2 protein chains.
Amino acid sequence: MTVMNYRITLAYDGTNYFGWQWQIGQPTIQGVLQDVLAKLAGEPVTSVAAGRTDTGVHAAGQVVSFRLAKEWDGVALRKALNGNLPEDIRVLDAALAGAEFHARFDTQGKTYRYQLYTDEVMSPFWARYAWHYPWALDVARLVSDSKTLLGTHDFTALTVADCEVKTRIRTVTDIRVEQDGPLLTLWFVGDGFLRYQVRTMVAALLEANRGRLKAGSLSTLLASRDRTLVGAPAPARGLTLIKVEY
Amino acid sequence: MTVMNYRITLAYDGTNYFGWQWQIGQPTIQGVLQDVLAKLAGEPVTSVAAGRTDTGVHAAGQVVSFRLAKEWDGVALRKALNGNLPEDIRVLDAALAGAEFHARFDTQGKTYRYQLYTDEVMSPFWARYAWHYPWALDVARLVSDSKTLLGTHDFTALTVADCEVKTRIRTVTDIRVEQDGPLLTLWFVGDGFLRYQVRTMVAALLEANRGRLKAGSLSTLLASRDRTLVGAPAPARGLTLIKVEY
C-alpha cells in the first residue's frame, strides 16, 4: 500500500488547550487533530509538529506532518479537516509533501512573537493574547538588552531545569521590539528554541528592565548556565509560534 | 442622604453574554455589573448604559451611569469594580458625574465598528471579533454604496420589525471603510442607531455588493420602509460599540 506524506499549516488559539502534545484525558491540539484525522482515515494517524507548544500558547503558522493511505487533493484535505475541527483550530494550508518530510526534524528556523499590553487597565480584547504588564518599561533599554541574547549561546539559564535535549546551545538570529499604542510586541527568530526559552527570555528582559536581575546583567546570566537566577517564565497567553522555516 | 451620580466607561468582550440588558437566569453585562455594584454598595444599584448592546456584541467605550450613596474617588471605584468583575468586562474609567447626567438620554452621538475577515480560511484569532466573509467583495462599490446611507432617513427598512421607538428617523454622519490585509472594517457614526440598524446596514451593503438587493438599490430600500426586503442582520460578533459622545 502506498502511503502519502502530508504537510499542513495550522493556526490555533491555545487558550482552551493543554498545549500541542497528546495527553490522556486533556484537550490538546494534537489530540483534537488526530481525532479528526482518524475519522477521515478510518484508522489511527500519528502527527508531528514543528514546535510542541505548551499549555495556553498560540500558533499562527505551526507546521504539522502525518501520513495517510489515501491520496488527497490539498484543498479537499484542508476543507475536510476544517469541517471537523473546532473554530479555534484552523488548517490554513494542506499539501502532499515529499516522502521524507518531517515537520520537526527538518526545521531550519522559527519565529515566535510575545505580546505585552501596557495600559493600566487590561483590554478584554487582548486578554487571551497578551500579558498585562502595566509597570514602567524602558523600551530603549529593552531594545539594547535584547541584543545581548543574539547569537549562539548555551541557553541553560533560560530554559526549564529539566530540559532533556542533547545540547542547550541555540542561535538567536533576530530580536525586534515594536510598540503600537499600548501593545508592545517582541519578535524572536532563531534556529530553534528550548522549552520555555522565549518566555524565560521575556521574563529576564523585564527583570533587567526593572533593575532586578539577580545575575546583574544578561551576559552574566547566560554565562552562569544557572536556571535559578530568573523567576517564572512570562505567561503563556502572550506567546505565539508565528512561522517555521525549512 | 446625599446620593452621588457616577459615570464609567466600560470595555467588554460580549461573546459570553446575552447582551447588555439584565435578564433573569442569563449572564448579561448589566447583570454582572449590578451584582458587583450591589456588593460594593451593600444594596441594589440600577445602572443605565448609553447603548443596550445585543447578545454577542462587544464594547470598547460603552458609557454607564449609576448612583451610589457613598462618595468614591474615581480611581478607587475603578479598581474596586475591576477587582470584582470578570476579565472580559473592564472599567476603563470611573468618575463622579453631574447630578443630572444620564448615560442613555444625554447621548449626542455614537460610533460603531463592524469587522469582516475576508480570507478563505477564518483566523482563530478573529473568530470572536469579526464575521468570516470569504466571498467576492467590491470594496470601491462598498464605499460608494455606503454614501447612500449617509444623512437623515427613516431607517424602518433597516431595523427590527418590532422596533418600538417614537421615531425611526436617524442621522448617519459618517461611514468609513478600511482594509488592512484580510480585515475589512466599517465605521458608522451617527446621532443614534435603532436596534440591529448597524448590522442590518452591513447586511444590506453586502447584498448590494453581490447584486442581490431585492429593492434594487439602497435608496429604494430606504424609501420603501419595508423591513422584509433585507435578509438577516450581519452576525453580532463583528460589531463593537466604540465611542459615545455627550
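Below, read A as the first sequence line, B as the second, and so on, with proteins coming before strands; counting in each chain starts at 1. Remember, it's a predicted structure, so these values are computed and weren't measured experimentally.
- Distance check: A/Met122 CE to B/Asp88 CG gives 12.0 Å after rounding to the nearest 0.5 Å.
- Looking at A/Phe125, both its backbone and its side chain come within 4.5 Å of chain B, counting heavy atoms on both sides.
- Residue B/Val121 forms a side-chain contact (heavy atoms from CB on, under 4.5 Å) with just one option from A/Thr9, A/Asn82, A/Val91, A/Asp93, and that option is A/Asn82.
- To the nearest 0.5 Å, atom CD of residue A/Glu120 and atom CZ of residue B/Arg90 are 12.0 Å apart.
- Looking only at heavy-atom pairs under 4.5 Å with chain B, the residue among A/His58, A/Lys79, A/Glu87 that has the most is A/Glu87.
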